[in-house]
Each structure stands twice: as structure tokens, then as C-alpha cells.
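Just so we're on the same page: letters track the sequence lines, and every chain starts at 1. None of these values were measured; they are calculated from a predicted model.
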Number of protein chains: 2
Amino acid sequence: MVTQSDPVAAPYRQRATLRDVAAMAGVSIKTVSRVVNGESGVTPAKVAAVTRAIHQLDYRPNVSASALRRANRRTAVIGMVLEDLANPFSSALLRAVEDTANERQVLILAGSVDEDQGRERTLVRAFSERRVDGLIVAPVGEDQGYLRAEIEAGTPTVFVDRPPQGIRADCVLCDNEGGARTAVHHLADAGHRHVGYLGDLRIIPTAQQRFAGYQRACLERGLPWRPADHAHDLHTVEEATAATVRLLRSADPPTALFASQNLVTIGAIAALQRLGLEGTVALVGFDDFPMADLLKPRVSVIAQDPARMGRVAAELLFQRLDGDRSGPRRTVLPTTTIPRGSGEIRPPSGAR
Amino acid sequence: MVTQSDPVAAPYRQRATLRDVAAMAGVSIKTVSRVVNGESGVTPAKVAAVTRAIHQLDYRPNVSASALRRANRRTAVIGMVLEDLANPFSSALLRAVEDTANERQVLILAGSVDEDQGRERTLVRAFSERRVDGLIVAPVGEDQGYLRAEIEAGTPTVFVDRPPQGIRADCVLCDNEGGARTAVHHLADAGHRHVGYLGDLRIIPTAQQRFAGYQRACLERGLPWRPADHAHDLHTVEEATAATVRLLRSADPPTALFASQNLVTIGAIAALQRLGLEGTVALVGFDDFPMADLLKPRVSVIAQDPARMGRVAAELLFQRLDGDRSGPRRTVLPTTTIPRGSGEIRPPSGAR
DNA sequence: GACTCATCCGACAAGGTTGTCAAACGTGGC
DNA sequence: GCCACGTTTGACAACCTTGTCGGATGAGTC
């Protein structure tokens with residue numbers, strides 16, 4: 001790492017305010033305010049004088065001061081609480097919300113919580129202290145009751161990805177149970193009777209729902225129920241790899257795998273490759289990921305649509321901001337099955 | 001998509017202010033202010049009364065109003081202008097900056113520009129109107145001179161990934177030329193004499209630098225210079241795939257490829273797979289990507305370290321905010337070569 | 001010329017907060 | 001009981017803006 005530096009320092013110039021512009025244009029500050037906000041009732045001559053002064057001084061309105069005084073108090077900023085800004089799911093959500101917010105000149109404050117409940121609360125508090133107009137929250141904690149005060153104070157809040165607990169509020173979810181169920185049906189359709197389950201932390205509601213979907217499909221297809229084939233609480237690629245290896249080396253290993261999450265799927269693939277079984281053991285993952293169709297075999301997935309989820313959540317939030325005071329709304333988005341190869345591998349002919 | 005809704009609406013409760021707390025605690029608002037800010041000179045009895053009132057009213061300080069009045073004017077928010085919040089490079093940068101900012105209770109406003117110069121400017125203006133304390137900008141425009149006013153007004157600005165043009169300012173870059181040069185040397189070491197170049201939009205400075213590195217290495221190793229082997233201005237996976245196919249189907253195709261960017265690398269892989277040449281034609285990509293070591297062959301890359309870049313940039317920004325007024329600093333981070341297989345494929349014995 | 005009326009404009013207060021300053025209070029020494 | 005001194009406290013102004021309101025101006029009508 002190379003750092004170059006050269007010595008210079010210029011004095012800071014104060015930023016111009018309405019008062020400065022007014023002085024230069026020879027009008028009152030209220031008139032400048034009128035021009036800045038495009039209000040009527042200013043003669044063209046004064047508009048021109050003010051506009052000239054604004055450019056000359058490079059005046060920037062102070063939206064914080066404006067929001068403080070303005071009747072509706074809007075700051076034109078919304079807050080987003082996400083699992084991890086660096087993970088593709090969170091960042092796709094963020095990006096979709098950004099695109100929707102952008103149409104309304106609204107900016108986004110975003111933060112990661114990393115499955116830390118305390119962080120979720122401090123982040124919400126920090127946003128609230130900045131008086132964000134609204135919140136979009138992918139909750140990690142076991143109770144979002146603390147958000148009731150925010151919502152009642154007029155900060156609309158939409159939960160995404162995971163439902164809120166301890167409070168009734170707007171949320172946009174994915175059909176986790178249905179998607180997981182479909183995955184197992186898909187594998188059963190290919191002839192598998194013995195499907196392993198690889199799951200995320202059980203405290204996460206979505207993981208619970210996906211396991212419920214797996215369970216339901218097993219019942220529906222009469223697949224044998226063997227707790228030894230269920231690996232739970234896998235939260236990293238490494239954990240998933242290790243668990244997959246363990247599963248496949250057991251006495252009576254599954255002929256197919258359902259991986260309930262992104263990183264878990266990747267861990268499973270790494271394990272399959274290590275054991276040389278990627279062409280033998282079927283695999284369906286929940287949640288699509290980049291490169292899934294460049295791997296060999298190409299990886300079949302149950303895809304969520306985080307961009308759509310973000311868009312729907314943002315649109316709902318803005319409806320609320322536009323005055324929609326109807327009761328809490330719960331939207332469930334469907335999943336899409338993408339067969340690419342790995343999920344269509346048939347069981348070895350000897351398998352029961 | 002299923003939406004459920006039920007009809008309820010509660011009236012909004014006004015948010016408590018210093019005045020409300022003061023009234024409840026039976027003190028002046030200034031005393032409450034002192035307690036909130038942990039200033040000395042308040043008797044324990046009053047501190048207790050104020051604290052009780054704060055909890056009872058669920059008081060949230062208004063940091064915007066506070067920043068307006070406070071001497072240093074700090075809002076404890078910084079702005080980040082990035083290429084695309086949804087792409088892994090941008091989001092890794094964002095996340096690293098977040099972690100550094102988090103230690104100081106600073107929040108982040110972030111936005112995507114998508115190679116749109118106009119958007120870069122409107123985003124910076126929007127941040128400036130919110131009076132962010134500092135800016136971290138991955139510039140796309142051809143001139144960042146417009147930022148001089150911001151910087152002179154006391155908003156420290158650090159450029160990342162790409163150097164600013166038209167202004168001398170802090171920046172944190174990656175050694176693009178050196179990394180590209182290393183890639184070609186690596187391929188030449190494996191015996192290749194004929195290395196194709198797949199590059200991003202030539203208006204992007206980093207793309208220029210990487211091409212310069214490619215060129216330099218070709219000269220150093222005496223590799224033949226054939227413009228027909230250079231595909232420029234590839235900005236999507238599809239464009240890269242098409243260009244790669246074209247290159248490899250030409251009369252005298254290269255035996256190795258250097259892909260100057262993430263998406264371009266992925267496009268090249270897709271093309272190689274389509275042509276069945278992934279085991280025959282060597283490939284080194286610039287910038288690592290998830291799954292690179294699960295593909296077959298595993299993909300050799302020149303890795304940048306966006307997390308480190310973000311951390312270094314954030315630290316520099318906070319140094320500036322802490323009063324460091326020394327001259328503009330330019331930091332260049334090294335790249336790392338990660339040989340995984342694709343870059344070590346040897347040319348077919350018949351190749352010149 | 002007196003009147004109405006609409007338009008344009010600025011004085012003033014307010015939004016939630018903090019910096020300044022001086023008043024009030026308590027303590028200790030004589 | 002008086003004074004000096006340090007601590008605690010609140011009144012007030014200010015930060016940058018916008019909402020309210022009333023005054024000034026000019027045109028149009030009788």
C-alpha cells in the first residue's frame with residue numbers, strides 16, 4: 001500500500017444561507033424562500049435577482065432546517081435496517097428500494113444488523129433520532145414491539161423478508177413454506193425418497209417456515225422422516241460444508257439434498273465437490289445466487305425475488321406516507337422454481 | 001402474490017420535545033439539554049427527575065435540530081456515492097465504510113449512479129443539502145471539479161476506486177495497472193504468447209489503467225500486439241459473452257484471456273463453457289467473485305480488496321473530520337494474485 | 001378622488017435545539 | 001451577619017428555515 005501526500009490547506013468558506021442570498025439580491029429572506037420553493041407571488045424581476053444571487057453564492061438549501069420548520073416535517077429520508085449490506089439478498093433489497101425512493105427524491109439511510117438484536121434497536125433509534133420519514137426493516141430480533149412507539153409517532157414501518165413479532169404491522173414476505181415444499185416435491189418427482197435437509201439458524205422465522213415446508217412435503221409424499229438427515233443452525237458456508245459431509249458419509253445417506261439458504265447451498269456444493277458426488281446426489285437450493293448456472297452441474301433453485309420484494313415494500317411505505325391509514329397489510333410473494341440440472345439428478349437405481 | 005389487510009387506524013401521538021420533558025420534570029429546557037448531552041453542572045436530583053421524564057415520554061432527541069444549533073454543525077451522517085449498491089464490489093465498500101462509521105455512531109446515506117454523470121451530481125447535491133459531514137465517492141463522471149465547492153465548504157471528500165478528475169483530492173485506489181500487468185505475466189509464465197483482452201467501457205479510468213497494464217506486460221514479454229484480440233467497452237455479462245465467442249472463433253484465436261472486470265470474467269466463462277473450451281483456453285480475471293473456486297476449472301483472479309479499500313477510505317475521511325488539514329493524499333492498494341487453475345492452463349502444444 | 005380588490009412583499013414568530021450570560025443559591029471564612 | 005467565591009440554573013438569542021398576517025402598491029370602478 002502506497003500513500004502519497006502533498007502539503008496544502010485552504011481556509012473553509014462558510015456556506016451561504018437564505019440570509020446571504022437575500023442580502024445580495026436586495027430582498028427579504030422570505031422572498032428568497034418563496035423562490036427556492038417555487039411559490040407564486042414573486043415578480044419575475046425579483047425571481048431573476050434571487051436566482052442570480054443563488055448561483056453566485058452557490059446556495060444550498062438546508063433541508064434539515066427546512067424540515068424542522070415545514071408543516072409536514074418530512075425529511076425526505078427513509079431508513080433501512082438490513083441483515084448485511086454486503087450480502088446479495090440485502091443489497092438487492094436496498095437497491096430496489098433506492099430505485100423506488102429515487103422517483104420521489106427520497107434518500108436512504110441504511111445499516112446492517114448481523115443477526116444482532118441490540119444492533120437492530122440501536123439502528124432504529126439512530127434513524128428515529130434523525131427523524132426519518134419511514135422505516136423498512138428486515139427484523140432479526142424476537143420482538144419488534146419496541147417499534148410500536150415509532151409507528152404511533154407517525155413513522156410508517158414496513159417489515160421485509162421476515163414477519164415482525166409482538167406487533168401487527170405491514171410486511172412483505174416470501175412464500176418460504178410453499179417454496180420449500182415445492183423443492184421437496186421436485187426432488188420426489190425425480191424419484192427421490194430420501195431427502196436431506198440443510199437449514200439455517202432455527203431462531204430465524206424464515207428458516208422455521210422452510211423447515212415446515214420441507215416437513216409438509218415429506219408427509220404429503222410419504223417420505224420417511226429421519227431426524228438424522230436434518231442439519232440445523234448452519235449459518236456459514238463452512239458449517240454447511242461440514243454438515244453436508246457428515247450427512248453424506250453416514251451409514252444410509254440421502255440421495256438428494258434441500259439447502260434452505262444461499263450460503264448453505266454453496267457450502268453443500270463445496271462438500272459435494274469434495275466428495276466427488278456433485279453428479280450423483282441431487283440438490284435444490286432455496287434462493288438463487290450468481291453463477292448458479294455456470295457450475296457443473298448447474299444448480300436448481302427455488303428463487304426469491306428480492307428486487308420485487310424491495311419494490312413492493314417501498315411502494316407500500318410510500319402509500320402510507322401518502323396518507324393511507326388502512327390496517328396492516330401482509331403481502332406474500334411467490335417463489336419461482338428454476339430447474340437447471342442439479343435438482344433433476346435421479347437417484348441411483350439401487351436406492352430405495 | 002397474496003395481500004391480506006385488516007381495517008384499523010390509530011391517531012398519531014406527537015413526539016415529545018425538550019420542552020415537554022422540561023415541563024414534566026419541572027426544570028428549564030436548558031437543564032434537560034444538559035442532561036441529554038451529559039454536561040456537568042446538574043444536581044443528581046434533577047438528573048434523576050429529567051431521566052425519569054425522558055423515559056416516561058419516550059423522548060428522542062432531534063439530532064437535526066441539534067446539529068443546526070450546535071457549534072460544530074455535525075450531523076453524524078456521511079454520504080456514499082457508489083456505482084451500484086447491488087453489485088458486490090460496491091456493497092463490500094459500503095459495508096466496510098459502515099463498520100468504520102459505526103464505531104463513531106455515524107450513519108450512512110448511500111446511492112447508486114449506474115455510470116450516469118448527471119445522477120452523480122444530483123446525488124452529491126442531495127447529500128449536500130442534507131449537510132452530510134463527509135462524502136465518499138466512487139466517481140463516474142469525467143470531471144469532479146464541481147465538488148470543489150463542497151470540499152471548500154468543509155465537507156471532506158474521499159474518492160474511491162477511481163481517481164477524481166479536474167480536482168486534487170484524497171483518493172484510495174487499487175493498483176489497476178500493476179494487477180493487469182501481473183495477470184498477463186502470469187499467463188506468459190504458463191507459456192502463452194497470444195493473450196486476448198476483454199475490457200470494460202474505455203471511458204472508465206480503471207479500465208484504461210488495466211488496459212495499460214496489459215499493454216505494458218505485452219511489451220515486457222515481447223508478446224505480439226494484435227488489436228483484433230482486444231475487445232473493449234464490454235459492460236454486461238451478455239456483451240462479454242458475445243465478444244469472447246467472437247474472439248475465440250476468429251481465424252487465429254488467443255490461447256489465453258485476460259478479463260478486466262468481474263462481469264466480463266463471468267461472461268467469458270459462459271462463452272468458454274458454451275464453446276467447450278473452458279479446459280483449453282486459459283483465463284485470468286481482474287477482481288475476485290463468489291463461487292470462483294467452485295467452478296470447473298476453478299478461476300484464477302487478480303483480487304482487489306474492496307473491504308480494505310472501504311476501511312482505508314473511511315479512516316482517511318474520519319481523520320479529516322478530526323481536523324487533519326494536510327494536503328490531498330493518494331493511497332494505492334496492492335492486488336493479490338490467486339491462482340486456482342484457469343490461469344495455469346498451458347497452451348496447446350501446437351500453439352506458437 | 002374615494003373606494004374595493006388583488007397582488008406582492010416583508011416583519012415576525014415558530015420549529016427543537018444549544019451557547020451565552022447573568023442571576024440565584026449554597027458554602028466557608030471572617 | 002457579611003462577604004467572596006464557586007456551583008447550579010434559567011432567560012434569551014440564535015441556528016436556518018417556513019407559515020401567518022398585515023401593510024404597501026397599483027389597477028380598476030364608481
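Residues A:F127 and B:L107 are in side-chain contact: their nearest non-hydrogen atoms beyond the backbone lie under 4.5 Å apart. Between B:Q144 and B:V137 there is no side-chain heavy-atom pair separated by less than 4.5 Å. When side chains are defined from C-beta on, B:N62 does not count as touching A:E129, because their heavy atoms never get closer than 4.5 Å. The side-chain heavy atoms of A:T155 and B:R15, taken from C-beta on, include a pair separated by under 4.5 Å.
Per the geometry, CZ belonging to B:R15 stands 15 Å off C1' belonging to C:dG15, to the nearest Å. The CZ-P distance, from B:R34 to C:dT20, rounds to 12 Å in whole Å. Protein atom CG of A:L68 is 11 Å distant from nucleotide atom P of D:dT18, rounded to whole Å. If you measure from atom CG of A:L18 to atom P of D:dC16, you get 9 Å, rounded to the nearest angstrom. One atom, CG of B:D20, and another, P of C:dG15, lie 11 Å apart when rounded to the nearest Å. In this structure, B:R60 places its CZ atom 17 Å from C1' of C:dT17, rounding to the nearest Å. Whole-Å rounding puts the A:R74 CZ to C:dG15 P distance at 19 Å. We find that NZ of B:K46 is positioned 7 Å from C1' of D:dT9, with the value rounded to whole Å.
Under 4.0 angstrom from either OP1 or OP2 of C:dC8 there lies no side-chain N or O belonging to A:T31. For the pair B:N37 and C:dT18, the criterion of a side-chain N or O lying under 4.0 Å from OP1 or OP2 is met. Between A:Y59 and D:dC16, a side-chain N or O to OP1/OP2 separation shorter than 4.0 Å is absent. Side-chain nitrogen and oxygen atoms of A:R19 include at least one within less than 4.0 Å of the OP1 or OP2 phosphate oxygen of D:dC15. Taking only side-chain nitrogens and oxygens, A:R73 comes nearer than 4.0 Å to OP1 or OP2 of C:dG16. The phosphate of C:dT17 (OP1 or OP2) has no side-chain N or O of B:S66 nearer than 4.0 angstrom. Residue A:R70 has a polar side-chain atom (N or O) positioned under 4.0 Å from OP1 or OP2 of D:dT18. In terms of phosphate contacts, B:S33 brings a side-chain nitrogen or oxygen within less than 4.0 Å of OP1 or OP2 of C:dT18.
If A:A65 and B:K30 are placed on DNA chain D by their nearest nucleotide, the residue sitting closer to the 5' end is B:K30.
Around the CZ atom of A:R104, the shell of radius 6.0 Å holds more than 12 heavy atoms that belong to other residues, nucleotides or ligands.
Residue A:V27 is classed as a sugar-phosphate contact, given heavy-atom separations below 4.0 Å to backbone atoms only.
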